[in-house]
Amino acid sequence: MVDFALLALFLPTAFLISITPGMCMTLSLTLGLTIGIRKTFWMMWGELIGVGLVAVCAAIGVATIMLEFPNFFTAFKWVGGAYLCWLGIQMWRSRGRMAISLDNTQSKEVSRTGLALQGFVTAIANPKGWAFFVTLLPPFLDTSKPLAQQLIALIVVLLTIEFLCLCLYAGGGRSMRHFLEKSGNVKAMNRVAGTLMVGVGIWLATG
């Protein structure tokens, strides 16, 4: 059985964690600005899989082992961060599949797999996320009851809240696009989005 008192305490904790601006939320905002909410869903699925994997590993103690070998994270972070920076530079120059078309024609098709991979890498390559889940989940687990059911319940709650927050940020990006479109300056929109994307890349690499 799940301890509903602990679950009730977990709800506001998970919401505050998810709604706070971070790499994944900024990425959702950026993609909402450039490719729209519908296509951003693919990034969200990858990010949610990554967050769920990190949470499970943290709960079973794998995260503690992983944090003892930071070289893996360092390499993974720099590769992922460099890729996001490259995408941001392309967007800033109004090039690439992520950029808004200068002639206002139908945007180029963006790889769904690529978007999902961006979300997954951003979630997995964040060592602060691993460290945070190591300290977050144990207090909400009652060792006198079956841990599997409790863990499933907590992760479902966490991923649901995370998804809703990602949608809010993507919606904010879409609203930002409508605001910027009033000026008719597509290059400005691409540069705002590109700057945000480069920021996420640097954040991922150096965080």
Side-chain angles (χ1 to χ4, degrees), residues 10 13-32 34-35 39-88 97-98 110-138 140-141 148 151-170 173 196-207:
F10 184 73
T13 304
F15 177 76
L16 289 175
I17 294 165
S18 295
I19 200 65
T20 302
M23 289 185 291
C24 293
M25 296 302 157
T26 305
L27 182 60
S28 187
L29 176 73
T30 304
L31 296 181
T34 56
I35 64 175
K39 292 180 181 178
T40 304
F41 281 144
W42 291 98
M43 182 281 294
M44 295 181 191
W45 305 138
E47 193 268 350
L48 292 174
I49 291 172
V51 170
L53 180 60
V54 171
V56 170
C57 290
I60 62 178
V62 174
T64 304
I65 299 173
M66 297 290 283
L67 291 174
E68 293 295 323
F69 302 95
N71 289 338
F72 171 78
F73 280 113
T74 300
F76 200 45
K77 286 194 306 171
W78 279 98
V79 171
Y83 175 67
L84 292 178
C85 284
W86 179 79
L87 287 177
R97 293 184 178 275
M98 296 289 186
V110 183
S111 167
R112 295 173 176 178
T113 303
L115 290 171
L117 187 59
Q118 284 181 41
F120 181 78
V121 169
T122 304
I124 290 292
N126 182 10
K128 291 182 180 179
W130 289 86
F132 184 78
F133 280 115
V134 168
T135 58
L136 170 69
L137 289 180
F140 293 99
L141 295 173
L151 183 59
I152 290 172
L154 292 179
I155 291 178
V156 168
V157 169
L158 176 65
L159 295 184
T160 301
I161 293 175
E162 182 82 359
F163 175 69
L164 293 175
C165 291
L166 286 169
C167 289
L168 286 175
Y169 274 82
L196 288 171
M197 186 68 82
V198 170
V200 175
I202 294 173
W203 194 350
L204 179 62
T206 61

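Values below: every heavy atom of this structure, side chains too, minus hydrogens, waters and symmetry copies.
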Atom pairs and distances, side-chain donor-acceptor, residues 155-169, under 3.5 Å, sequence neighbours left out:
unit_1: Thr160; atom_1: OG1; unit_2: Val156; atom_2: O; d: 2.7
unit_1: Glu162; atom_1: OE1; unit_2: Ser18; atom_2: OG; d: 2.8
unit_1: Tyr169; atom_1: OH; unit_2: Ile19; atom_2: O; d: 2.7

Name the atoms and distances for all side-chain donor-acceptor pairs under 3.5 Å in residues 41-51, with sequence neighbours left out.
unit_1: Trp45; atom_1: NE1; unit_2: Phe41; atom_2: O; d: 3.4

Q) Quick one: does Thr122's side chain get under 4.5 Å of Leu84's, heavy atoms only? A) yes

Q: Check whether any side-chain heavy atom of Thr40 sits under 4.5 Å from a side-chain heavy atom of Leu115, and report yes or no.
A: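 SC-SC contact between Thr40 and Leu115 ruled out.
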
Q: Report the residues that fulfil ring-ring contact (aromatic ring centres under 6.0 Å, His included) with Phe10, sequence neighbours left out, ordered by chain and then residue number.
A: Phe140

Q: Give the C-alpha distance, both sets of side-chain angles, the deciding distance and a yes or no for side chain to side chain contact (heavy atoms under 4.5 Å, CB included) between Tyr83 and Val79.
A: CA-CA 6 Å; Tyr83 175 67; Val79 171; 5.8 Å; no

Q. Could you give the distance from CE (Met197) to CG (Leu29), rounded to the nearest 0.5 Å?
A.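 Those atoms lie 10.5 Å apart.
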
